[in-house]
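Right, one structure below, let's go through it.
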Amino acid sequence: MAISVHAPAVLDGVPLVLLHAFPLDSRMWDGVVEALVGVPIVRVDAPGFGDSPVTGPGLESFALAVVEEVRARAGRAVVAGLSMGGYVAMAVAEAAPELIAGIGLLSTKATADPDAAREKRLAMAAAVEAGERGVAVGMLEGLVGESTRTARPDVVARVRGWLESAPADGIVWAQRSMAARPDRSAVLASLPDGLPSLVLRGTEDTLMSDADAAAMASALGVGVTKVVGAGHLAAVERPAEVATALRDLYERVSAPAPPR
Ligand code: MLT
């Protein structure tokens with residue numbers, strides 16, 4: 001699968017791969033990347049988003065494309081994703097666990113969709129395929145936390161602009177792919193003990209629950225990092241705090257193991 005990858009020509013060390021949320025693209029990481037000077041970062045656009053064409057269906061085929069990119073460029077990577085990006089990070093961990101030097105799961109969950117949520121996704125995909133436009137704008141309130149909506153009109157305007165221009169074929173691909181994803185709780189539990197891991201949640205996220213985050217954290221043997229005053233799009237709303245958490249994850253990958 002030809003996917004669009006944003007990365008320096010030469011990667012100095014194990015890269016940090018950042019996977020974006022739905023229905024955005026890798027620009028959602030701009031603020032985080034600015035704050036992560038010195039970390040080699042690879043950003044990837046999901047099929048139908050940014051510069052990536054839509055190809056095969058399924059988060060799994062996208063995950064395999066990410067695996068190929070990492071193998072070609074670096075061998076191993078710290079793989080981090082927010083929401084849909086987290087679903088993809090878990091699919092990467094399932095497809096190629098040996099490639100995972102560390103994992104970051106932000107505003108996401110390991111479980112599959114309940115039936116009602118799955119049906120809602122398929123209905124949105126069908127509506128967009130039938131020509132309906134502007135459906136993504138209705139997601140604004142769920143994506144951005146209350147504090148940001150009240151006090152940060154610039155952030156709200158940026159997210160609204162992304163939602164207004166969300167590509168139809170990307171929405172259809174992503175909703176059908178997310179609807180079909182399985183529960184990957186067992187994938188997390190099967191990763192090696194002590195694998196550097198981050199589970200992060202904005203305290204105002206209304207789309208993913210504390211219980212979702214706690215379950216992933218428990219499977220990975222870590223605590224939940226909370227970003228106060230952020231909603232679902234913590235990386236857009238509070239990029240400095242999210243960058244600090246990702247830098248800490250990245251540094252744990254390169255640090256020597258503590259003495260026993
Ligand atoms: C996202 O932010 O990527 C979406 O909320 C994921 C989803 O619809 O489950």
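Here the structure is a predicted model, which is why all the values come from computation and not from measurement. In listed order, ligands and their atoms are each counted from 1.
Contact check on Arg184 versus Glu94 returns a salt bridge, with a Lys/Arg side-chain nitrogen under 4.0 Å from an Asp/Glu carboxylate oxygen. Salt-bridge formation is detected for the pair Asp210/Lys226: a Lys NZ or Arg NE/NH1/NH2 atom is positioned less than 4.0 Å from an Asp or Glu carboxylate oxygen.
Remark: ligand 1 and Leu82 share no N or O pair separated by less than 3.5 Å (distance only, no angle test). Residue Leu207 places no N or O, backbone or side chain, under 3.5 Å from any N or O of ligand 1.
Looking at His232 and Ser83, their side chains do bring a donor and an acceptor atom within 3.5 Å of each other.
Each of the atoms 7 (C), 8 (O), 9 (O) of ligand 1 lies under 4.0 Å from some heavy atom of Arg121. Of all atoms in ligand 1, listed by their number and element, those nearer than 4.0 Å to a heavy atom of Ser83 are 1 (C), 2 (O), 3 (O), 4 (C), 5 (O), 6 (C). Every atom of ligand 1 is numbered from 1 in the order shown, and the set under 4.0 Å from a heavy atom of Tyr87 is 6 (C), 7 (C), 9 (O).
The side chain of Met178, and not its backbone, has at least one atom closer than 4.0 Å to an atom of ligand 1 (non-hydrogen atoms only; side chain from C-beta on).
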Does the side-chain hydrogen bond (donor to acceptor under 3.5 Å, both in side chains) test come out yes or no for Asp183 and Thr111, once each step is laid out? CA-CA 4 Å; Asp183 186 324; Thr111 50; 5.6 Å; no

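Shortest contact from atom 3 (O) of ligand 1 to any protein heavy atom: Phe22 N, 2.7 Å.
Here Asp115 pairs with Arg118 under the salt bridge (Lys or Arg N to Asp or Glu O under 4.0 Å) rule; sequence neighbours left out. In this view, Asp205 satisfies the salt bridge (Lys or Arg N to Asp or Glu O under 4.0 Å) rule with no residue, not counting sequence neighbours.
Comparing heavy-atom distances from atom 2 (O) of ligand 1 across His232, Arg181, Met84, Met208 singles out His232 as nearest.
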